[in-house]
Structure formats: C-alpha cells, structure tokens
Amino acid sequence: MPDHQGTPQNWRFEPPEIDPGDMGAWERLKRELPDGWEPLTVQRTAYKRALGEVRFRNAIASLEAIDPDADHVTPTLYYGAGIAAQMGLTAYLLERGFDDHWCARNVGLRITTALDWANAAGLNHANPSICRLAIVLTPYWKWRRFWKSEILRSADCGFRPGDVHAIIDNLLDHICNATGFEYPVADSPRREQL
C-alpha cells in the first residue's frame, strides 16, 4: 500500500520476541486464543520433562520406521511422519511446561498447531520445508483413515520419501538442541539408520 507520497511502505514484519519465562508474554498469547480454547497453564516440572523425553524417544523410533529410500511416498509414510512430528513437537511443549492433557485437547493431531505453539514457546523452527510438510500432514489421522482413497494414494504433495525423512530428522535435531534431549549423534550407528 503506498504512503501519502506514493512510495511503498516498508512491510518488514518484526515478530514480537517472547521470553518463555515471561508470564506476561503468555498472558498476551492466551488472550489471542479463539473462543472455546481451554486456559493454558505453563509450569515446568521434572515429571513433564521425563514424559517429554519418553515422547521424544518414541518420535525417533517413528522416524526410524520411515524408509528414505522408498520408491514413492505412501499414505503410510505420511502417517508415520505425522506421528514422529507430533511426538517430537509435543515432547518440546512438555519440556517447556505445557500440560499433556491440554495439548491432547487443544493441539490434537494437528502438526500445524503443534508447530505454532512450539515456535511461540521458543523453538524458532519455521523453515519453509517443515511448514509445507506440516500443512500436508495436518491432521495426520487422514493418512491412515483414508489410505484407500485414490486421491490420497496418488498424492505425493511434492515430497519424496527422502525429503520427508530429512525434514522430520531436522525437526527432531532442532528439538534436541533446544531441549537437551538425547538424540543419536550423526556418526553413531543408530543415527546412520535414520
């Protein structure tokens, strides 16, 4: 939109910085929730961290089931990628103090919502590849329920199996760096399986 002199305005967006420890920031974020969402209480505990670590290990196991060398993407591959992404993202949210029951009711199986909340909580992982894949995966149950659908069976959505695997691997690596959860190092035999 031009300003009064006819020159374009600077539309550079500067996202507000949110300090996960600043409760005022969380209060502002809570006010932006749509009607019907439950109140959010964020409190870090050893129990939530331990639960997050278990969920993160399950995310790694789900990623290991994805064959990056497969000939083509299948609904089963997308379903597995959705599970890995959701477990990784909710592990991050748990570590940051989110309640597991709140996540189950308000985030559900929507990778896009989990990614939004994780980024708002400080993950800062909004690269275009994960954002595009999150849209394809959301909600990830559709890839299991409608796997016989010709539309879903033939939908590669522009991804190759190796792409999906690499994007989820990158997401889990980013979560590992942000939380300190254990993730096999790149040159370990287990990580080479990934």
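Please read all numbers here as calculations on a predicted model, not as lab measurements.
The two residues I111 and G82 have their closest heavy-atom pair at CD1-O, 3.4 Å. Closest approach of K48 and G97 over heavy atoms only: NZ-O, 2.9 Å. Between V107 and T113 the shortest heavy-atom distance is CA-CG2, 4.1 Å. Of all heavy-atom pairs spanning A81 and V164, the tightest one is CB-CG1, 3.5 Å. Closest approach of I66 and G80 over heavy atoms only: CD1-C, 4.0 Å. For A59 against G88, the heavy-atom pair with the smallest separation is CB-N, 3.6 Å.
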Which side-chain N or O atoms in residues 123-134 pair as donor and acceptor under 3.5 Å with protein atoms at least two apart or in another chain?
residue, atom, partner, partner atom, Å
N124, ND2, G122, O, 3.3
H125, NE2, N127, ND2, 3.3
H125, NE2, N170, OD1, 3.3
N127, OD1, S129, N, 3.1
N127, OD1, I130, N, 2.8

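R110 has no carboxylate O lying under 4.0 Å from a charged side-chain N of D116, or vice versa, which leaves the two without a salt bridge.
With values rounded to the nearest 0.5 angstrom, N106 atom CG is found 10.5 Å from F98 atom CZ. The distance from atom CD of Q86 to atom SG of C103, rounded to the nearest 0.5 Å, is 8.5 Å. The NE2 atom of H72 sits 14.5 Å away from the CZ atom of R160 when rounded to the nearest 0.5 Å. Residue L171 holds its CG atom at 9.5 Å from CG of L63, rounded to the nearest 0.5 Å. The distance from the CD1 atom of I83 to the CG atom of L137 is 10.5 Å, given to the nearest 0.5 Å. Remark: W102 CH2 to L94 CG distance equals 11.5 Å, nearest 0.5 Å.
The side-chain contact (heavy atoms from CB on, under 4.5 Å) test with N177 singles out one residue from T179, D173, I175, and that residue is D173. Tested against T138, the residues T112, L109, L115 include a single side-chain contact (heavy atoms from CB on, under 4.5 Å) partner, T112.
For the pair Q43 and D99, the minimum side-chain heavy-atom distance is 4.5 Å or more. You'll find the side chain of Y78 stays beyond 4.5 Å of the side chain of T74, heavy atoms only.
Scored by the side chain to side chain donor-acceptor pair (under 3.5 Å) test, R49 finds E95 as partners (sequence neighbours excluded). Contacts of D67 classified as salt bridge (charged side-chain N to carboxylate O under 4.0 Å, His left out), with partners at least two apart in sequence or in another chain: none.
Between F56 and F181, the angle of the ring planes lies from 30° to 60°, which puts this pair in the tilted group.
Checked by atom type and distance alone, the side chain of Y92 never pairs as donor or acceptor with a backbone atom of M87 at under 3.5 Å. The closest donor-acceptor contact from the side chain of D169 to the backbone of A166 lies at 3.5 Å or more, if one exists at all.
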